[in-house]
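First comes the structure, then the notes that go with it.
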Amino acid sequence: MTDTTPRPVRTRFAPSPTGSLHIGGLRTALFNWLYARRHGGKFVLRIEDTDQKRYEPQSLEELMEALRWAGLQWDEGPDIGGDYGPYIQSERRELYQKWANWLLDNDKAYRAYETPEELEQMRKEQLARKQPPGYNRQHRTLSEAECAAFEAEGRIPVIRLKMPLEGNTVIEDAIRGRVVFENATLQDMVLLKADGLPTYHLAHVLDDHFMEISHVMRAVEWLPSLPVHWQLWLAFGWEPPIYAHLPVILNPDGKGKLSKRKPPKDKHGNPIPVMVHDFMKAGYLPEALCNFLANIGWNFGDDREFFYINEAIDRFELDRINEANSTFPTEKLEWLNGMHIRELPVEALAARLRAPLEAAGLIVDSDLLLKVTPLVQTRIKTLSEVVGLAGFFFKPEFTPASAEAIIQKKMDAAATAQALVRSREILAGVDDFSTQALHDAIQPLTSDLGLNNSQLFGLLRVAVTGQTISTPTFETMEIIGKAETLHRIDMALALLPA
RNA sequence: GGCCCCAUCGUCUAGCGGUCUAGGACGUCACCCUUUCAAGGUGAAGACACGAGUUCGAGUCUCGUUGGGGUCACCA
């Protein structure tokens, strides 16, 4: 394998359109993309829609949308075409049938006439007898006449691969090394289904061959069927690609791999998104998600974990991929997302904050948003958190906090009211409503009233923002302006019992 | 259960026979800064699953045990 002439690098991501993109799928796509970019190769998007039962028409669009959002542009694919198309398997069925027949003609495969029900029955009996379930190869040696008899019954055959019955299948995996399978334990897998469409096994080998895919990077769950695929390459007599089986992402709380079926929860019991679209909606940045995904099962080197994906291209190699599965490190995603938010230029962050604010029903003025953005930049970990922290800036009507929220620690209503009144007097006299000037004007009042900064600034904060956790007080006053600030203090005063 | 893969701090990881009294990051805790919340700074606790080998020497190689994961479809 290693001494074959290197081929141009062509990798592919081949999802089946059974729903929108899974986060684990995005990582597989990312690694394939990274490898292609690293080696100046091509990254191909292929749709594996040979299972009509599970096909969801919406998902092709969603899949592509998620990939584009993440910045993983493909060089060939169903929407943009390419020299190796079509890129949707259901449009390639003649190819699969042609080569399935070739296998038949060359004694590498055979027709089997059992119905799904009969196979199911066989499995049940095997299980009942505590035998390993599997096809018993009954039809592997059928005569012409026997086949004709089944056909006469109206049975439609599937085509199964004639696996070697003894010996080993030995394969070199690019990240796991030598993997050995005993042929006697392997199955004669179905290659072409009764509906004339291929199974994954046949389809991917044929497509990867004709699309000249050089490296197949896929999740480890494919490893058990690798020997079948390998025997197919051997049967065809074609040069196999280099296989690399990636570790999977495990559920952080319970056991098993991350799955949308069993929604995972973090240690606080909050649900963790699994689908890429959920991450989009939750306010994660694509650059943060890619950065995060690249850190699972691979590492940048230099002890660096924060990076932009373009920086990873130069360093991405298969031998740096960790073969162990890993659980989904939620807190790290939060941290990385916060990091990427903080690194964004203010204008860029403001632009991204618009969507979640508008989704919350707020009217977003661009100038105002630009002023508010720096105040939230170090305080949010996801874009959607802007709504809770600074949504009040964009509400048409100000909603004051409760009296008890305004009253600070070790203070009562009277003292609070007094502080508000005195503050109002001072603020009314300030012409330059800037953060610094406001701070300087109010500061002396703390000692006059025998309060500390926390108390005085705190009650002003709650009066002016309506929240106990908010953007900084004086910065907020500067943005909303003098009239509004005084108005809100009046509202607070009205709330306090006399 | 058969087969296959995997195994370093709670988590993500570095480590590719000696430089490991095991490094980094997230998280946690403490302190500093501080008008809330963050951010930032400083510091602390915290791991080579176990047992045999190989070797002058093992986190690093081999085998076994244990544990975890995956897979056993006319789904991918």
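All chains are named by letter (A, B, ...) in the order of the sequence lines, taking the proteins before the strands, and each is independently numbered beginning at 1.
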List the atom pairs, donor and acceptor, that lie under 3.5 Å between side-chain atoms in residues 416-423 of chain A and the rest of the protein, sequence neighbours left out.
| residue | atom | partner | partner atom | Å |
| --- | --- | --- | --- | --- |
| A/Thr416 | OG1 | A/Asp412 | O | 2.8 |
| A/Ser423 | OG | A/Ala419 | O | 2.7 |

May I ask you to say what A/Gln52 touches in the nucleic acid, namely base, sugar-phosphate or nothing, with a heavy-atom cut-off under 4.0 Å?
-> nothing

If B/C75 has a Watson-Crick or G-U wobble mate with both distances under 3.5 Å, name it; if not, just say none.
-> none

A/Phe150: what forms a ring pair (Phe, Tyr, Trp, His ring centres under 6.0 Å) with it, not counting sequence neighbours?
-> A/Tyr113, A/His139

Reckon A/Pro198 touches a base, only the sugar-phosphate, or nothing at all at heavy-atom distances under 4.0 Å?
-> sugar-phosphate

Does A/Gln97 have any side chain to side chain donor-acceptor pair (under 3.5 Å) partners at least two apart in sequence or in another chain, and if so, which?
-> none

With sequence neighbours excluded, residues passing side chain to side chain donor-acceptor pair (under 3.5 Å) with A/Glu311 = A/Arg304

Does B/G18 have a Watson-Crick or wobble partner in any strand here, with both distances under 3.5 angstrom, and which is it?
-> B/C56

Between A/Glu117 and A/Gln121, do the side chains contain an N or O donor and an N or O acceptor separated by less than 3.5 Å?
-> no

List the protein contact pattern of nucleotides 7-13 of chain B with one symbol per nucleotide (5' to 3'): B for base contact, S for sugar-phosphate-only contact, - for none; contact means a heavy-atom distance under 4.0 Å.
-> S---SBS

Which base sits across from B/G40 as a Watson-Crick or G-U pair, both distances under 3.5 Å?
-> B/C32

Scan residues 446-459 of chain A for pairs that pass side chain to side chain donor-acceptor pair (under 3.5 Å), counting only residues two or more places apart or in two chains.
-> A/Gln443-A/Thr446, A/Gln443-A/Asn453

Each nucleotide N or O in nucleotides 36-46 of chain B that has a protein N or O under 3.5 Å away: list the pair and distance.
| residue | atom | partner | partner atom | Å |
| --- | --- | --- | --- | --- |
| B/U36 | O4' | A/Arg461 | NH2 | 3.2 |
| B/U36 | O2' | A/Thr468 | O | 3.2 |
| B/U36 | N1 | A/Arg461 | NH1 | 3.4 |
| B/U36 | N1 | A/Arg461 | NH2 | 3.0 |
| B/U36 | O2 | A/Ser470 | N | 2.9 |
| B/U36 | O2 | A/Ser470 | O | 3.2 |
| B/U36 | N3 | A/Arg461 | NH1 | 3.2 |
| B/U36 | N3 | A/Ser470 | O | 2.9 |
| B/U36 | O4 | A/Arg379 | NH1 | 3.1 |
| B/C37 | O2 | A/Arg379 | NH1 | 3.3 |
| B/C37 | N3 | A/Arg379 | NH1 | 2.4 |
| B/C37 | N4 | A/Arg379 | NH1 | 3.3 |
| B/A38 | O2' | A/Thr378 | O | 2.2 |
| B/A38 | N3 | A/Thr378 | OG1 | 3.2 |
| B/A39 | OP1 | A/Lys381 | NZ | 3.3 |
| B/A39 | O4' | A/Thr378 | O | 3.3 |
| B/A39 | O3' | A/Arg342 | NH1 | 3.1 |
| B/G40 | OP1 | A/Arg342 | NH1 | 3.2 |

To the nearest angstrom, the CZ-C1' distance between A/Phe306 and B/G24 comes to 17 Å

Quick one: label A/Gln131 by what it contacts on the DNA or RNA (base, sugar-phosphate, nothing), any heavy atom closer than 4.0 Å.
-> nothing

Considering only atom C1', compute the distance from B/G69 to B/U34 and round it to an integer number of Å.
-> 47 Å

Complementary nucleotide of B/G46, counting Watson-Crick and G-U pairs under 3.5 Å = none

Quick one: label A/Pro116 by what it contacts on the DNA or RNA (base, sugar-phosphate, nothing), any heavy atom closer than 4.0 Å.
-> base

So does A/Asp207 pair up with A/Arg12, basic N to acidic O under 4.0 Å?
-> no

Across all chains, not counting sequence neighbours, the side chain to side chain contact (heavy atoms under 4.5 Å, CB included) partners of A/Gln231 are A/Leu161, A/Met163, A/Pro164, A/Thr169, A/Asn183, A/Leu234

Within this structure, what is the CG-to-P distance between A/Leu223 and B/A76, rounded to whole angstrom?
-> 19 Å

B/A30 versus B/C6 - spacing of their P atoms, nearest Å = 41 Å

Just grab all the ring pair (Phe, Tyr, Trp, His ring centres under 6.0 Å) pairs involving residues 443-468 of chain A, residues at least two apart or on different chains.
-> A/His439-A/Phe457, A/Phe457-A/Phe474

Would you indicate what A/Leu119 reaches in the nucleic acid, counting non-hydrogen atoms under 4.0 angstrom: base, sugar-phosphate, or nothing?
-> base

Across every strand shown, the nucleotide meeting Watson-Crick or G-U wobble geometry with B/C9 (both distances under 3.5 Å) is none

Nucleotide nearest A/Val190 when distance is taken to its side chain, options B/A76, B/G24, B/C74 = B/C74

Under 6.0 Å from the six-membered ring centre of A/Tyr243 and within 45° of its axis: does the NZ or CZ of A/Arg218 meet both?
-> no

Looking at every strand, decide which applies to A/Thr18 at a 4.0 Å heavy-atom threshold: base, sugar-phosphate, or nothing.
-> nothing

Identify which nucleotide among B/U35, B/C74, B/C6 has an atom closest to any side-chain atom of A/Arg176, counting heavy atoms from C-beta outward.
-> B/C6

Whole-Å distance separating the CZ atom of A/Arg129 from the C1' atom of B/G2 = 16 Å

Report the distance from atom CD of A/Glu221 to atom C1' of B/G70, rounded to the nearest whole Å.
-> 7 Å

Which nucleotide in the list B/G23, B/C5, B/A76 gets nearest to the side chain of A/Thr199?
-> B/A76

G-U wobble or Watson-Crick pairing nucleotide for B/G51 (cut-off 3.5 Å, both distances) | B/C63

Under-4.0 Å side-chain N/O to phosphate OP1/OP2 contact, A/Lys53 with B/A73 | no

What is the nucleic acid contact for A/Val376, judged by heavy atoms within less than 4.0 Å: base, sugar-phosphate only, or nothing?
-> nothing

Out of B/A76, B/G70, B/C74, whichever nucleotide has its closest atom nearest the side chain of A/Arg54 | B/A76

Have A/Thr435 and A/Glu478 got a donor and an acceptor in their side chains that come within less than 3.5 Å?
-> yes

Per A/Glu48 side chain, nearest of listed nucleotides B/C5, B/C3, B/A76 | B/A76

Taking CD1 from A/Ile426 and C1' from B/U35, how many angstroms apart are they, rounded to a whole number?
-> 15 Å

Given side chain to side chain donor-acceptor pair (under 3.5 Å), test A/Gln126 with A/Tyr135 step by step and report yes or no.
-> CA-CA 10 Å; A/Gln126 287 164 331; A/Tyr135 178 57; over 6 Å; no

In chain order, what residues pass the side chain to side chain donor-acceptor pair (under 3.5 Å) check against A/Asp188, with sequence neighbours excluded?
-> A/Tyr110, A/Arg137, A/Arg140

Report the distance from atom CD of A/Gln455 to atom P of B/U34, rounded to the nearest whole Å.
-> 17 Å

Contact class for A/Val462 (heavy atom, under 4.0 Å): base, sugar-phosphate, or nothing?
-> nothing

Give me the distances for all protein-to-nucleotides 60-63 of chain B N/O pairs that come in under 3.5 Å?
none

To the nearest Å, give me how far apart CH2 (A/Trp222) and C1' (B/C6) are.
-> 20 Å

In whole angstroms, how far is the C1' atom of B/U35 from the CD atom of A/Gln436?
-> 13 Å

Short side-chain N/O contact to B/C74 OP1/OP2 from A/Arg160, under 4.0 Å | yes

Applying ring pair (Phe, Tyr, Trp, His ring centres under 6.0 Å), which residue pairs with at least one partner in residues 161-202 of chain A are found, sequence neighbours left out?
-> A/Tyr200-A/His204, A/Tyr200-A/Trp222, A/Tyr200-A/His229, A/His201-A/His229

